[in-house]
Amino acid sequence: MAANIWQKLVADGYITEEMLEKAKAMRGQNKSGIGFNLALLGADEEDIAKQVAAFYGTEYIDLLSVEVPADALTLITRAKAEALCLFPLKRDGNSAYFAAADPLSPEVSAFVKELKFQAGITAEVGVSPESFIKLAIDQALPKEDKSQMAETLKNLGSEGMDLEVLKDAPQTEDSESVDEAPVIKMCNSLIADAVEKQASDIHIEPFEKTIKIRYRIDGSLIEQPSPPVNYKRAVTSRFKVMARLDIIEKRKPQDGRIKIKVKEKTIDLRVSTLPVVWGEKIVMRILDQSNLQLDLTKLGFEPDELSKFEKAINSPYGIMLVTGPTGSGKTTTLYSALSTINSPDVNIMTAEDPVEYNLPNINQVQINPEADLTFAGALRSFLRQDPDVIMVGEIRDQETAEISIKAALTGHLVISTLHTNDAPTTISRLADMGIQPFYIGSAVIMVVAQRLVRKICAECKKEFAYEPALLKQVGITDAEMSSIKFMKGEGCSACNNTGYRGRVAIYEIMPVDEALKKAIMQGSNATVIKETAVKGGLRTLRETALLKLKAGLTTPEEVMSVTMGE
């Protein structure tokens, strides 16, 4: 697009010169137009598109409010529409009308000429924001991948997919109108598609003129094809019916569960609704037992770290703490530890909120504050149940911490989690809760901090020459730069064009040896504790992440993102 339109927008105060330069630079990274990138930087994309339309003397089109006839969609393939950021609006005999983010680009002009030459169709092109066009393409044009959701949106009347709701709510008068076949098929296909793509969460977000569907895959939210906006209330009601929620109550958050079978796999969905401006947002956590990795050797431990971890979980008493933010894989690590030591001669009891996966031969208790069953209350009861190993889902308060410490000091192995940034600060966190340093030093046998880094997609993995400055920033030496082959994913259909597929854990293992125990009992701060731990062989999260980078498993950008505070 000619530079003068952008300079005019700068002169008119819609954008700044700095924003324009940044938007131009971003084109090479995200393959999007200047208008779209300006919106990412805070500009109003609709206002920009209207100014572009006025500048070129063509029509501005609000794609979100336009109904497109089926015959218009045959004018262009999805691949071509995505490449040109061009969407068909209508066809009338030998005339056609399109919406484009850049109506005068050489590529769009060439397409219009080719349409005239090969099909005898004269085309006019209006202007619409790039994000609107991308959304319209996703909703209306056939998708080349095997997304069940996209296929469903193409043909809502076709046969259903291999998905069965195992526990559904009885139909009510309010739910009859939304339980029509197209809505059921759409909701089922959305779940099946997310499971097939190995998503951990499904986000359904209502807005004024659209429904946004996003899957969290490998820790990142990825937008998916959206249902027609007129299905907004029906989709929300259908999921609430499946989760046994009150579909009449729309002013309060609600929580429920759905149990389904997808291709012979039983899946649990933890459902949460939240009232927002344009309806109710729904988030569903996918709990797929078949994806739960219970083999310690496959979680990402380095060999020396694994031996230390196994020694701790086989201790007859003491407390081991696993720390990290939400979504860092703590539950998987805890369950893997319990599965490793699970045997007929060991009585293992867990207190969880919620119980995410059912483990065989382990007594799992669901915390229920409404029934006065708290973590502290469950722990007290456990101590009267002759336990060998106790797992506490999370230490949230002083009372739970004190009982856990006392249990560890009276001959029980206690495993639990805390929310701290690294292993050394966990000791300070316990002290802040009111636990005396003597008890902390006596009871804690190990602290494990962890994160998850995305792995480079094996399907599109290629050797890549990163900027030396970036490699130095993450901690790669000059000698390592010349001797190590660094990798990057180019992006393909297998990884949703992200270059990443799957995740691996990185760990900071801090066994409490005699030197560390002495520092803790003296009430040392986190800095002193970390220095003592490093002298004792502590490998930090950044150092562990670098080992994954050098092994070609991840990228420098991912190392920087996950271990930013290191």
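- Between Arg214 and Asp201 there is no salt bridge, since no side-chain N of the basic residue sits under 4.0 Å from a carboxylate O of the acidic one.
- For Lys212 and Gln224, the side-chain atoms include no donor-acceptor pair closer than 3.5 Å.
- The closest side-chain heavy-atom distance from Thr374 to Asn368 is not below 4.5 Å.
- With respect to the salt-bridge test (charged N to carboxylate O, under 4.0 angstrom), the residues Arg396 and Asp353 qualify.
- Judged purely by distance below 3.5 Å, without hydrogens or angles, the side chains of Ser404 and Ser416 never pair a donor atom with an acceptor atom.
- Here the options are Lys252, Lys240, Arg251, Gln254, the test is side-chain hydrogen bond (donor to acceptor under 3.5 Å, both in side chains), and the partner is Glu280; only Lys240 passes.
- Seen from the ring of Phe36, Lys134 counts as a face-on cation partner, given the 6.0 Å and 45° thresholds.
- Atom CD of Glu557 has more than 12 neighbouring heavy atoms from other residues, nucleotides or ligands inside a 6.0 Å radius.
- A side-chain donor from one of Asp193 and Tyr215 sits under 3.5 Å from a side-chain acceptor of the other.
- Expressed to the nearest 0.5 Å, how far CD of Gln450 lies from OG of Ser328 amounts to 5.0 Å.
- Contact check for Asn347 versus Met349: side-chain heavy atoms found under the 4.5 Å cut-off.
- In this model, no donor atom of one side chain and acceptor atom of the other lie less than 3.5 Å apart for Ser339 and Asn342.
- With 3.5 Å as the limit, one finds a donor-acceptor pair spanning the side chains of Thr333 and Tyr507.
- For Lys281, the NZ atom is densely surrounded, since the number of other residues' heavy atoms within 6.0 Å is greater than 12.
- Within 6.0 Å of the CG atom in Asp372, the count of heavy atoms belonging to other residues, nucleotides or ligands does not exceed 12.
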**Q.** From CA spacing to verdict: side-chain contact (heavy atoms from CB on, under 4.5 Å), Ile395, Thr417
**A.** CA-CA 6 Å; Ile395 293 178; Thr417 71; over 6 Å; no
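- A side-chain N or O of Ser131 and one of Glu45 form a donor-acceptor pair less than 3.5 Å apart.
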Q) Going through the checks in order, is the side chain to side chain donor-acceptor pair (under 3.5 Å) test met by Glu352 and Gln366? A) CA-CA 5 Å; Glu352 305 172 60; Gln366 169 70 57; over 6 Å; no
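- For the 3.5 Å distance criterion, the side chains of Gln364 and Tyr357 fail to qualify, holding no donor opposite an acceptor.
- For Asp92, the CG atom counts as loosely surrounded, since its 6.0 Å shell holds 12 or fewer non-hydrogen atoms of other residues, nucleotides or ligands.
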Q: Decide yes or no on side-chain contact (heavy atoms from CB on, under 4.5 Å) for Arg91 and Leu73, but give the supporting numbers first.
A: CA-CA 9 Å; Arg91 178 177 182 175; Leu73 301 177; over 6 Å; no
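- A salt bridge links Arg454 to Glu558: at least one charged side-chain nitrogen sits closer than 4.0 Å to a carboxylate oxygen.
- Side chain to side chain, Tyr500 and Ser220 fail the donor-acceptor criterion of an N or O pair below 3.5 Å.
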